[in-house]
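So the structure is just underneath, and the comments pick up after that.
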Amino acid sequence: MSDFIQLGPISTLHDFGTLGSEQLERTLEDATSEYPMGLILPVTASDMRAPAFSTIMDQLEGTKFLKTVVVVLNRAPDVEDYRECRRLTSKLGNMCRVLWNDGPRGQASFQQLTDAGFNVSVPGKGRAVWTAFGYLLADPEIKAMALHDCDIVNYHRDMLMRLCLPMAHRGFDFDFCKAYYARVTDRMHGRVVRLLVTPLLRSLIRVLGNDDFLIFLNSFRYPLSGEFAVTSTLVRANRIPSDWGLEVGTLAEVFRNTAPKRICQIDLGHPYEHKHQPISLDDANRGLMKMTADILHSIYRTLSSRGIVFSMGMFNTLESAYLRDAQDAIRQYHADAVINGLEFDRHIEEHSVEGFARMITQCGQEFFENPVMAHEMPTWTRVRSAIPDFPHTLRRSVEADSAEFT
Ligand SMILES: O=C(O)[C@H](O)COP(=O)(O)O
């Protein structure tokens with residue numbers, strides 16, 4: 001049972017454990033009969049072969065509340081990967097489509113965009129998700145799209161239903177819904193959220209003052225969750241970073257393109273466990289350090305676009321402020337872990353925080369020397385004005401791949 005507190009400008013939808021699965025599903029099926037929704041599942045060739053993906057397919061089999069499921073197959077250059085993906089997703093039947101970006105037709109689509117002057121050369125989850133948005137935008141009936149990662153080990157259909165219901169419910173007018181959860185097994189996970197993002201936002205507010213965007217970002221209980229739902233209208237206007245800045249970059253775009261009162265976060269109602277990356281403290285190009293760098297760059301860029309002028313002195317101040325806030329946060333997590341009987345390695349947590357602190361000034365220096373915008377996918381409004389038919393081209397490619405390679 002959680003508390004029922006509402007803090008900050010967005011709505012928090014808790015899980016009081018009072019709505020059973022069956023009632024949730026009935027309510028959602030009723031709501032989506034007037035408000036069709038699509039689901040986007042970005043998956044790599046290696047993740048689709050892991051047990052988590054099969055569990056997700058089992059849980060989604062027979063759902064009636066989704067109109068379309070788009071599986072975007074990424075990092076899969078081999079036709080056998082495509083065939084395997086079709087096989088693994090076959091239990092979803094006709095509502096499922098596989099978008100194969102690395103296949104010849106997927107590559108030809110990117111070439112068409114390049115020829116029209118768009119830079120879509122940076123591969124990754126951001127670009128994959130972006131193409132799936134475009135695919136779904138070609139269906140005028142789809143009112144909103146949900147998205148979740150495919151490495152969720154303890155996936156349950158309830159999680160998706162809870163993510164979709166705030167969008168589809170007739171009594172609400174939300175444009176964007178973001179998931180939150182406890183990432184707890186025998187210990188607390190979510191290292192980047194707990195040890196970097198949460199204390200960093202506190203320090204930024206202390207150093208820069210009550211900037212509306214920082215207050216907004218700070219009101220999310222899990223700002224890096226990869227699970228969110230968004231209206232088709234908002235999808236057209238949002239820019240998407242192609243790197244690990246995807247989650248915070250999306251929040252920045254949502255902040256710019258709609259109002260906080262039309263944004264909510266929902267407790268998915270289940271603990272969440274996923275694939276863990278190494279922290280890679282000595283290599284800023286790998287693991288959680290790469291994630292950290294992309295997130296820091298994304299936050300610096302957004303603040304800069306809001307008129308904040310950075311100096312190297314400010315980054316140094318921020319590093320010191322962060323270190324104190326992060327050390328205080330570790331004390332809090334430690335107490336919370338002990339009182340709940342969890343494992344807690346304080347030394348590793350402190351070590352991680354020292355690595356993250358160094359990244360604050362290192363990325364600050366990089367940003368200071370080269371403040372150009374990082375790579376972002378173009379908005380779909382712009383693509384459609386240049387190539388009006390492009391979402392339909394994606395659709396035709398999907399159908400042609402299916403006919404040729406299945
Ligand atoms: O959400 C996070 O903080 C990162 O994805 C890292 O998560 P993990 O510590 O659970 O691997």
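Read the numbers this way: they start at 1 and go in the same order the structure lists the ligands and their atoms.
The option from M188, Q277, R183 that lies nearest to atom 4 (C) of ligand 1, judged by heavy atoms, is R183. Counting heavy atoms only, H276 comes closest to atom 8 (P) of ligand 1 of the residues E247, E273, H276. Closest heavy-atom approach to atom 9 (O) of ligand 1 among the candidates R187, R191, R194: R191.
Within ligand 1, counting atoms from 1 as listed, the ones closer than 4.0 Å to a heavy atom of Y222 are 1 (O), 2 (C), 3 (O).
Checked against a 3.5 angstrom limit, the closest N/O atoms of V192 and ligand 1 fall inside it. Checking only distances, V193 does come within under 3.5 Å of ligand 1, N or O to N or O. Checking only distances, L224 never comes within under 3.5 Å of ligand 1, N or O to N or O.
Under the 4.0 Å criterion applied to side-chain N and carboxylate O atoms, D139 and R97 are not assigned as salt-bridge partners. In summary, D325 and R202 do not engage in a salt bridge, as defined by a charged side-chain N under 4.0 Å from a carboxylate O.
In this model, no donor atom of one side chain and acceptor atom of the other lie less than 3.5 Å apart for T185 and E273.
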Report task. Walk me through it: do K91 and D58 pass the test salt bridge (charged side-chain N to carboxylate O under 4.0 Å, His left out)? Result -> CA-CA 8 Å; K91 59 174 59 163; D58 290 344; 2.4 Å; yes
Query raised in the report: Where do T379 and T381 land on the side chain to side chain donor-acceptor pair (under 3.5 Å) test, with the steps shown first?
Result: CA-CA 5 Å; T379 61; T381 41; 3.0 Å; yes
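Between F4 and F16, the ring planes lie perpendicular to each other; the angle is over 60°, past the 30° to 60° tilted range.
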